Amino acid sequence: MKRVQILGTNCSRCKKLAENVEAAAKALGLLYKIEKVEVNNPAAIMNLGMTLMPALAIGGQIKIAGRVPSVAELQKMLIL
């Protein structure tokens, strides 16, 4: 099962990132768990080395920060 974290402030871009991740994982037929790490938990975000939001971490590693990737781009990240 893939562990996917959305890091941000629960803004519209963070929500869109979560939607795109769900769409990408479902299209690939992957089992996944999305965890949302919000700014109200700054220690968790800082532990991941996060400075730009929204951000996406897969398996504990930051893959994207400061933008919302397309579903197609996310699919490539999720299959690696």
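All residue numbers refer to positions in the sequence shown, counting from 1. The structure presented is a predicted model; accordingly, all values stated were derived computationally and were not measured.
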Engineer: Take V68 and L56 through the test side-chain contact (heavy atoms from CB on, under 4.5 Å) and record every step on the way to the result.
Structural biologist: CA-CA 9 Å; V68 178; L56 171 72; over 6 Å; no

Engineer: My understanding is that only residues two or more places apart in sequence, or in another chain, count here; which of them pass salt bridge (Lys or Arg N to Asp or Glu O under 4.0 Å) with R13?
Structural biologist: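 Listed in chain order: nothing, the list is empty.
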
Engineer: Heavy atoms, side chains only, cut-off 4.5 Å: are K15 and I6 in contact?
Structural biologist: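 In short, these two side chains do not touch, never coming nearer than 4.5 Å.
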
Engineer: Would V71 end up clustered with L28 when hydrophobic side chains under 4.5 Å apart are linked, directly or stepwise?
Structural biologist: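 V71 does not cluster with L28.
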
Engineer: Quick one: does L78's side chain get under 4.5 Å of V4's, heavy atoms only?
Structural biologist: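 Heavy-atom side-chain distance check passes, below 4.5 Å.
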
Engineer: Between I64 and M77, is the side-chain contact (heavy atoms from CB on, under 4.5 Å) condition met? List the steps.
Structural biologist: CA-CA 10 Å; I64 294 286; M77 284 185 240; 3.3 Å; yes

Engineer: Is there any side-chain hydrogen bond (donor to acceptor under 3.5 Å, both in side chains) pair reaching into residues 66-79, and which pairs are they, with sequence neighbours excluded?
Structural biologist: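 Qualifying pairs: R67-E73.
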
Engineer: Identify which one of N20, V21, L17 satisfies the side chain to side chain contact (heavy atoms under 4.5 Å, CB included) criterion when paired with P69.
Structural biologist: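 So, applying the side chain to side chain contact (heavy atoms under 4.5 Å, CB included) to P69 and each of N20, V21, L17, only L17 qualifies.
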
Engineer: Which heavy atom of A18 sits nearest to which heavy atom of K36, and what is that distance?
Structural biologist: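 Smallest heavy-atom distance, with atoms named: CB-CE, 4.0 Å.
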
Engineer: Return each pair, listed once, that meets salt bridge (charged side-chain N to carboxylate O under 4.0 Å, His left out) where at least one residue sits in residues 52-61; pairs must be two or more places apart or across chains.
Structural biologist: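 Sorted pair list comes back empty.
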
Engineer: Minimum heavy-atom separation for A57 to G60, with atom names?
Structural biologist: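 Heavy atoms of A57 and G60 come nearest at CB-C, 4.4 Å.
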
Engineer: Under the side-chain contact (heavy atoms from CB on, under 4.5 Å) rule, collect the residues that match up with E19, sequence neighbours excluded.
Structural biologist: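 Testing E19 for side-chain contact (heavy atoms from CB on, under 4.5 Å), a comparison that skips the adjacent residues, returns K16.
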
Engineer: Please walk me through it: do R3 and Y32 pass side-chain contact (heavy atoms from CB on, under 4.5 Å)?
Structural biologist: CA-CA 6 Å; R3 181 173 165 237; Y32 64 95; over 6 Å; no

Engineer: May I have the step-by-step check of side-chain contact (heavy atoms from CB on, under 4.5 Å) for E22 and I34, ending in yes or no?
Structural biologist: CA-CA 8 Å; E22 289 179 18; I34 293 180; 3.3 Å; yes

Engineer: Is there side-chain contact between P54 and L7, with heavy atoms separated by less than 4.5 Å?
Structural biologist: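 No; the side chains remain at least 4.5 Å from each other.
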
